Every structure is written in C-alpha cells, then in structure tokens.
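To keep things clear, I will list the structure first and then write my remarks on it.
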2 protein chains.
Amino acid sequence: MSFTGVNGAGQRRPTMKEVAARAGVALKTVSRVVNEEPNVSPELTAKVQAAIKELNYTPNESARMLRRGKTGTIAVVIRDIGDPFFASLGRAVELWARSSGSVVMIGLTDEDPERERDVCLEFVARRPDALIMAPIGETQDYLAPHVDAGMAVVTIDRPAHGIEADAVLADNAGGIDQAIDHLVRQGHRRIAYLGDDERIFTARERVVAYRAAMARHRIDVDEDLVHLSEPTTEGIGITLSAVLDRPEPATAILSANNMTTAEVLRGMAGRRDRVALVSFDDLALGDLLSPGLTAVAQSADVMARTAIQLMTERLPEPHRPGRTVRVPVKLTIRGSGEIPPSS
Amino acid sequence: MSFTGVNGAGQRRPTMKEVAARAGVALKTVSRVVNEEPNVSPELTAKVQAAIKELNYTPNESARMLRRGKTGTIAVVIRDIGDPFFASLGRAVELWARSSGSVVMIGLTDEDPERERDVCLEFVARRPDALIMAPIGETQDYLAPHVDAGMAVVTIDRPAHGIEADAVLADNAGGIDQAIDHLVRQGHRRIAYLGDDERIFTARERVVAYRAAMARHRIDVDEDLVHLSEPTTEGIGITLSAVLDRPEPATAILSANNMTTAEVLRGMAGRRDRVALVSFDDLALGDLLSPGLTAVAQSADVMARTAIQLMTERLPEPHRPGRTVRVPVKLTIRGSGEIPPSS
DNA sequence: CTGTTAGCGCCTTCAG
DNA sequence: CTGAAGGCGCTAACAG
C-alpha cells in the first residue's frame, strides 16, 4: 500500500491555475465553481469538478484571506483550556465556528498579563474576525487599532479596558449573597472566605460582595478569616490551618473559585474537622463527592452562548457601543454546605 | 475617554507600504526591520520603528503566509476540549506553539468520523505546518495530498490509516494487565468489563487485553459481564444493573475509560453494593472521592510532549517513515480497587 | 547597506 | 455566461 497521494511525495499543492489548465477553462471559472457562484454552465462545472478531484485540489485559505480581507477565524484567549468553565467556552465557540465555516485559534494566558498581550498580538496579526477573551491585564488598549479596523471583541468572565467591547459577566454578587445567606441560615457566623488574587476582576467583585453580605447579616468580618491568594496546594493548606487551627475556628468556608475549592477539598481530606463548605464555581464531579459539593454554579454554556450571540451581533456593526450582560448563577445544594456549626 | 486608536474608527489597517512612505524608505527596508534581518543601519531602523509606532502598524500574517508558504500554525483535532487528557494535550501544544511563534487551531470531533473529516479539511485549507490529531475515522487518506506537500501529521491516543504519520499510543495492554492482576490478587474472579464503543481503537485494544489477561489467570470470561458502548448516564445505569443485579453478580468492575468511570461512579452512588472498581484513565479529582479512585493513569503530559517531539522531528523531513511510540501507564492505588469480593 | 522587481494564490473588476 | 487583467500585503531574488 502506498501512503502517498496521486502526485507522489514532495509535491507542491496544485493551484487554481493548474486546475483551470487541466479543465481547459479560465482561472476565474474555477474560482466560480469553488465558491459556488451562479452563472457557470453545468458542463464547465462538471469539467472543473473533475479536474479538482484528479488533482486533489484544495483552495489556499491564506490567499483567499489576503484577497478578501476576511479570515473566517475566531481567536479565543483564556486562562487555561483545562478549566471546565473555559473548556465549555471553547467547545461552544468551536461549535459555532464550524457551523459558520470559521476556525478557532486558542491561546492560553495562565493569568499572566504579559502572556495575554503576547498571545493577543500574535493572534491579531492573523486578523481574526473576532476575539473572545477573559482579560487579565489592566488594559487591552493594544487591541485598539484592530478594533478600529473592525475586529469584534467580546470578553467573558471579566470586562475589557481601553477598548470598545461587549462583556458577559456572571452575577458574582448575587452568587456570594446566596452562599452567605445559605450558610447563615444554617447558623454559621464565623465564615472564612478563601478567594483568588485580587488582581482578578471576579475575585475583587466576590470579596466585596462577601463583605457586603456579612454586613447585611450584621456579622463583623474577622479579617483573619479572609484569605486572597493564588490557589496552590501548599498555599491553601497553610490557609486552612490558619482559619481552622485557632481559638475560634471558622465553622464554614466560602471558597470563591473552583481551583481554590479543589485545594480546600484536598486539604480537608487530611483533617478531621467537619466544616461546612460552599464553593463559588462547581466542580466537574461535585455530585460524586461525599458529602456532595454545595456550589454556586455558573452556567458556562449560557455565558458562552451569550458571548457568541454578542459577537455575531457585533460582527456587522463593529463600532457600536459595548454591551454588558450579567448571567445569573444558581446555588446547588448537595451536602457540604449543610454541615451545622460544630462549636 | 476615547476608545479608538489614533486613526479613529472604521480605519483600514496600515500596510508596510504606508510605513515605508512615512519613514521615507523602501518597502523592503521596512520588511527587514519587521523581520529583524541584519544589515539595516541603526538610523533607518529607528526611523522605521518610529513610523510603525505612529501608524500602529502590525504585519499581516495572511500575506506573509502566502508569500512564505509556511503558516506557523499547528492544527489540533481532538474529541473534546473538556476531556482532561485532551486538555493536557492542547495545553502542551499551545505552550510549544507560543515558544516557537506559532499559533494553535483547535477542532473538535465528538468522536464523529464525518466531523473529523470536515474539520480536518477546513483546517488543511489553511495549510497548517503540522496536524496533531486523535483519529476516529477508518481512514485519514483525505489528508494524503497535504502530507505529500509536507504537512507533518502526528496522531495521539490512536494511529492514523492511509497516510504516513507518527503515533503516540498508551500502553493499553499493559495497563489492562496491571488492572486485572491487581483485582485478581484481591481475590476477584467475576470482573465485569465496561468499555467504549469498539470502533474506537483504544477500546478495541483494551478489551482484547482484558480477555487475554483473564485467560492468563485461567478465568473464563462471562460474556454477560462484558459491555461495550458509548458512555451515557442511562446506558451505564442499565449496564450496572445488568452486571450487578443477577444471581452471580460481578464483584469488581474494570471501567475502561474516564467517561465510563464517571458514569459508573454516578450509578454506584445510588446503590448499596460494595464493588471494587478500577478505572483505565484517571479522573481529575479521583483522589478526593471516598474511597479514592484506583486508576490506571495515562500521563497525558508525557504523551503530549512526545507528540510534540515527534512533530518537531518530522517537520524538517516530512516524508520520513512513520514512527510509533508507546507510552507506559501506571496503576495508582487509592481504595476503590482494593475492596474485596463480597460473595 | 538599500532598493527594485516579480509573484505567492486567489478574488474583484470589467470587458467580451 | 466566460475570461483577462490587476492587485490584496508581503518577501525572495536580485541589483546597485
């Protein structure tokens, strides 16, 4: 069995010109057939299609893009492809892209503003029709020339700064309210708050909401129970010890993002305390844990679809003012948040 | 605050020609500066850089690609971005791509051969330098013309057919052997096998290995304990009932992929049997379950890095014969596989 | 060191 | 309905 095509190895790919020659028609006729333009006689169409098949011709998108000025490409810039939230986003965008004949480029930032900038600049050089991103840097003004030139930018999870863009945000405050209300209703007052680094927009919104919710319940926030940092295994281990191994330990933990939650669970596995836990962000297998994870779930799918909708609306009128959509979140009760205060 | 760049809205992007005019140099000099070619005087370099900055010039990759014949693009075609295994792959490829100035296009197949073909054809029209994929269709011969033209293809998890490509495969047989040996050592003989659809390469390799391993232990395989199908919540529920609600129920389950495992865990949560479970493929939070999940773990990172290595080696000599690398797997013992037979 | 010329593969424009 | 010419933005191959 030969593994090479009809042309043998090391072959250049055939061009439209060669197809035209083989079919005995003009270049433009091939172009018409390839692009399914009307006004080509059935005979010529057949001839061209035969030539295309014989030569294994595939159009060169680079040339097409250059000529048309549209690339049929969507750029997606997110923290990490492994995060279920962003995975959902990627999936939804890919689905839409395929249905519309586009292609998705994915770039990862790992929450590093510099990487975000590098990746975005790399991407915009390829002139994507749209850019969907979860911004981390303070400003995205380096995208301004491309926004001016018609690139549609939609952000998800966090807003952009320095450019005109649409944004899809979760109802962070509402979610934290639900979580705190739920824990207070179980009798908790010493509720530790474990959140992400404050340079992240959602982390800021959530911790502010935590303080507001506590105030609403007339509970003084014990600052020793509030920890904001990047979620690492060691870091969260230390944090857990800090909020639990003390004279008046926390009786409940509000973990403000899914990576923190995973680490809290890991840390709790090595302890004997029975502490209530509510997570902002659900985990993939949250229902399989025992107790099940009580979590404020963001509907990644809804957010992704909203982002795509905003993008499709923005595409035809790229210079319209930016819109912001808040997507509701939902508290899912499974057990971990219903543990009563132990002391 | 104005959200538009210096050029105002609706602007065309500046071209190299305009930069040249503004800097008072030839087109090619700008090209040299942009590409950091040597032999440009510091004065001209400075002039050009100034012009670039003033005009917010960014090179047009489409034109570059067309001219150079290289696109600096890696295409990745996988089942699902949410699958941790493929997420690791995507992450590794993206990391490498960034370090080498390339960009990653991602396409999803959802295990549908037709979608695989559509996505791949869409991608190859963009002339990626390399294609990394987990093939599902019977043949990938539609890629042959592009392989002939120098596109490097590396497959992961499964081999390709009909083209010359490298492959990175897990040691499926070895992993199943380890799992069965482990269960037999605990005293199990009625070991149910729940696997994926046999059209998937890994599913075939694994079920064959299961039969071989059972034979090695002189255990007759009870065909009623072997179930091969797509892992859906309902399907696995029925399957569980079939292998457990019977006169001689299975005392152990070997679940042959992570999606099946997740559904088995869901199904078991609603039952009272204490059945041993070993999973081929680990789960993200397998250590947090109780009991912890005993699993044969594939090192997605190692496989991904191997794929990238093969790709970089193939890039300069695209017509070399295909290589296949088997990556070892490792049994991780956490509790679920150490439950003894109950009857 | 710098500039000119040609053309990558395709689509747009306009003429037959 | 079909075709010929021109150029999208850039770089390779030469000239100076």
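Letters A, B, ... mirror the listed sequences (proteins, then strands); counts begin at 1. As the structure is a computational prediction, the values presented were derived from the model and not from experiment.
Between the B:T29 side chain and the B:V25 main chain, no donor and acceptor come within less than 3.5 Å of each other. Side-chain atoms of B:N35 never come within 3.5 Å of backbone atoms of B:E37 as a donor-acceptor pair (strictly under, hydrogens ignored). For A:N56 (side chain) and B:P145 (main-chain N/O), no donor-acceptor pair under 3.5 Å exists by modelled atom type. The main-chain N or O of B:G107 is never found under 3.5 Å from a side-chain atom of A:E94 such that the two would form a donor-acceptor pair. Judged by distance alone, with hydrogens and angles left aside, the side-chain atoms of A:E111 form no donor-acceptor pair with the main-chain N or O of A:R79 at under 3.5 Å.
The pair A:D166-A:R314 meets the salt-bridge criterion, since a charged nitrogen lies less than 4.0 angstrom from a carboxylate oxygen. Residues B:R98 and A:E122 are not paired through a salt bridge, judged by the lack of any N-O separation under 4.0 Å between the basic side chain and the carboxylate. Under 4.0 Å is where a charged nitrogen must lie from a carboxylate oxygen, and between A:R158 and A:E116 no such pair does.
Using five terminal pairs a side, the axes of the helix from C:dC1-D:dG16 to C:dG16-D:dC1 at its two ends make an angle of 40°, given in steps of 10 degrees.
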remark   = Nucleotide by nucleotide, nucleotides 10-16 of chain D touches protein heavy atoms under 4.0 Å in the pattern (B base, S sugar-phosphate only, - none) BBBB---
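Nearest-nucleotide positions on DNA chain C for B:L44 and B:L66 put B:L44 closer to the 5' end.
The phosphate of C:dC1 has neither OP1 nor OP2 within less than 4.0 Å of any side-chain N or O from B:S41. In terms of phosphate contacts, A:T29 brings a side-chain nitrogen or oxygen within less than 4.0 Å of OP1 or OP2 of D:dG3.
Among the nucleotides C:dG9, C:dT2, D:dC1, the one closest to the side chain of A:N39 is D:dC1.
Atom CZ of B:R126 is separated from atom C1' of C:dG9 by 15 Å (rounded to the nearest Å).
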